[in-house]
Amino acid sequence: MKNYTKISDINNLNQTIKDAIQLKVNPFQYQSLGKQKTLVMLFFNSSLRTRLSTEKAAKQLGMDVMILNVNDAWNLEFEDGAIMKMDKSEHVKEAAQVISQYADIIAIRAFPTLIDKQKDTSEFVLNSFLKYTSVPIVNMESATAHPLQALADAITIEELKSLAKPKVVLSWAPHPKALPQAVANSFIEMMQYLDVDLTITHPKGYELSNNVVKNTKVSYHQNEALKDADFVYVKNWSSYKHYGEILSQDSNWMMTKTKLGTAKFMHCLPVRRNSVVEDAVLDSEQSVVIQQANNRTFSAQIVLKQILENL
Ligand SMILES: CCC[C@H](NC(=O)CCC(=O)O)C(=O)O
Ligand SMILES: NC(=O)OP(=O)(O)O
């Protein structure tokens, strides 16, 4: 593996999931692989799980880690040919090349603007670093994708499924802020690779990109969609059609114990209790969100391992 910016960068997904689960038995079995190698993690946005789990993963491989909140450095210009007389101090062309001098692998988190659909869809931040860095890039959530989260979700379902082909439901839930489509996009893409029966359910107006949904079942009726589910993945996203807009905050879409039935509850976290999901669900045995968060270390570690092996 050269870069991990999208799920399709993984050559053999099923084997990678198995290898990640095996890593958990002895997380330090490859700690010579990363010796004298440095991971630089760049955050344009907040993080708890991604920041801690990716650093942990790198250190379990013997890597050194440097973390930069990019907004504490210089305001970067991403437009080629820009006349830089305003508020941008440095062009990504220099910043990316300079960081490449310090890093063997660069990991980046850069959320979408949720204003400029074309810019967000072009993945201008991630692709600028891909263009101007000389080292591998790992996506820690970009404008349209969160492949490390999706790999952790796949590991979790593989560990917990009791059926060969479980029914998985991705359900929208209300949220006070306009959130990215990235987590939903990558979860859907990951489930399409795996042998699961996937249904997406959301209110009208929250249709995700056809390039993501493809021929996956979509229902506007949450209760119907949730019937006989084995795993229920709940996530808010803002409208894609009416880009970045909050069209509904209908609390009838909040996940409850009653709606959940006997299914396992999944969420990438952070989660708004009693807005996205009621306390009773998160506090129940059916919630697997902590296992998901733990698996973030092993999704990052198996990705970094495959990149290190290819350096
Ligand atoms: C891993 C999820 C990161 C991000 N979530 C948020 O920004 C939630 C922020 C909040 O609830 O205030 C998202 O939805 O993409
Ligand atoms: N799930 C996830 O990526 O969490 P953070 O935003 O806290 O990193």
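Here the structure is a predicted model, which means the values were calculated and not measured. For ligands, and for the atoms within them, numbers begin at 1 and follow the listed sequence.
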Touching ligand 2 at all, Arg109? Heavy atoms, strictly under 4.0 Å?
yes
Heavy-atom distances under 4.0 Å decide this one: backbone, side chain, both or neither, for His175 against ligand 1?
side chain
SB check Glu285 Lys264 (cutoff 4.0 Å):
no
Identify, for atom 2 (C) of ligand 2, the protein heavy atom at the shortest distance, and state residue, atom and that distance.
Arg296 NH1, 3.2 Å
Is the closest N or O pair between Lys235 and ligand 1 shorter than 3.5 Å?
yes
Taking only heavy atoms of Leu179 into account, list the atoms of ligand 1 that are under 4.0 Å away from them.
6 (C), 7 (O), 8 (C), 14 (O)
Below a 4.0 angstrom heavy-atom separation, can you tell me which part of His146, side chain or backbone, both or neither, approaches ligand 2?
side chain
Logged contact type for Arg49 with ligand 1, heavy-atom cut-off 4.0 Å, is neither
List the residues meeting side-chain contact (heavy atoms from CB on, under 4.5 Å) with Phe28, not counting sequence neighbours, and say none if there are none.
Asn26, Gln31, Gln60
Heavy-atom nearest pair, Leu160 first then Val288, reads CD1-CG1, 3.5 Å
To the nearest 0.1 Å, how far is atom 7 (O) of ligand 2 from its closest protein heavy atom, and which atom is that?
Leu48 N, 2.7 Å
In this structure, does ligand 1 have an atom that sits under 4.0 Å from one of the heavy atoms of Leu269?
yes
I'd like to know if Ile157 and Leu163 are part of one continuous hydrophobic network [Ile/Leu/Val/Met/Phe/Trp/Tyr, side-chain heavy atoms within less than 4.5 Å].
no
Measuring from the heavy atoms of Pro180, does anything fall under 4.0 Å of ligand 1?
yes
Please state whether Gln149 comes within less than 4.0 angstrom of ligand 2, counting heavy atoms only.
yes
How close does the nearest protein non-hydrogen atom get to atom 12 (O) of ligand 1, and which residue and atom is it?
Arg272 NH2, 2.7 Å
Just to verify, which of Lys259, Met254, His202 counts as forming a side chain to side chain contact (heavy atoms under 4.5 Å, CB included) with Gln222?
Lys259
Any salt bridge linking Asp9 with Lys6? Criterion: basic side-chain nitrogen under 4.0 Å from a carboxylate oxygen.
yes
Is it the side chain (CB and beyond), the backbone, both or neither of Leu148 that lies under 4.0 Å from ligand 2, heavy atoms counted?
neither
Tell me whether Lys165 is salt-bridged to Asp195, with the criterion being a basic N under 4.0 Å from an acidic carboxylate O.
yes
Partner residues of Tyr233 under the ring pair (Phe, Tyr, Trp, His ring centres under 6.0 Å) criterion, sequence neighbours left out:
Phe187
Consider every N or O of Cys268 and every N or O of ligand 2, then say whether any pair is closer than 3.5 Å.
yes
Using a plain distance cutoff, I'd like to know if Arg49 has any nitrogen or oxygen under 3.5 Å from a nitrogen or oxygen of ligand 2.
yes
Heavy-atom contact under 4.0 Å between Glu141 and ligand 1?
yes
Do the charged groups of Asp197 and Lys217 touch, with an N to O distance under 4.0 Å?
yes
With Lys93, the side chain to side chain contact (heavy atoms under 4.5 Å, CB included) member among Asp80, Leu76, Val98
Asp80
Could you tell me whether Lys35 and Asp64 have a side-chain N and a carboxylate O separated by less than 4.0 Å?
no
Closest protein heavy atom (residue, atom, distance) for atom 9 (C) of ligand 1:
Lys177 NZ, 3.8 Å
Contact atoms of ligand 2, heavy-atom distance to Ser47 under 4.0 Å:
5 (P), 7 (O), 8 (O)
Please list, in number order, the atoms of ligand 2 under 4.0 Å from a heavy atom of Leu269.
1 (N), 2 (C), 4 (O)
NZ or CZ of Arg51 within 45° of Phe43 ring axis and under 6.0 Å:
yes
Polar contact flag for His146 and ligand 1 (N/O pairs, less than 3.5 Å):
no
Over 12 foreign heavy atoms within 6.0 Å of OH, Tyr102:
no
Would you say ligand 2 has an N or O under 3.5 Å from any N or O of Glu141?
no
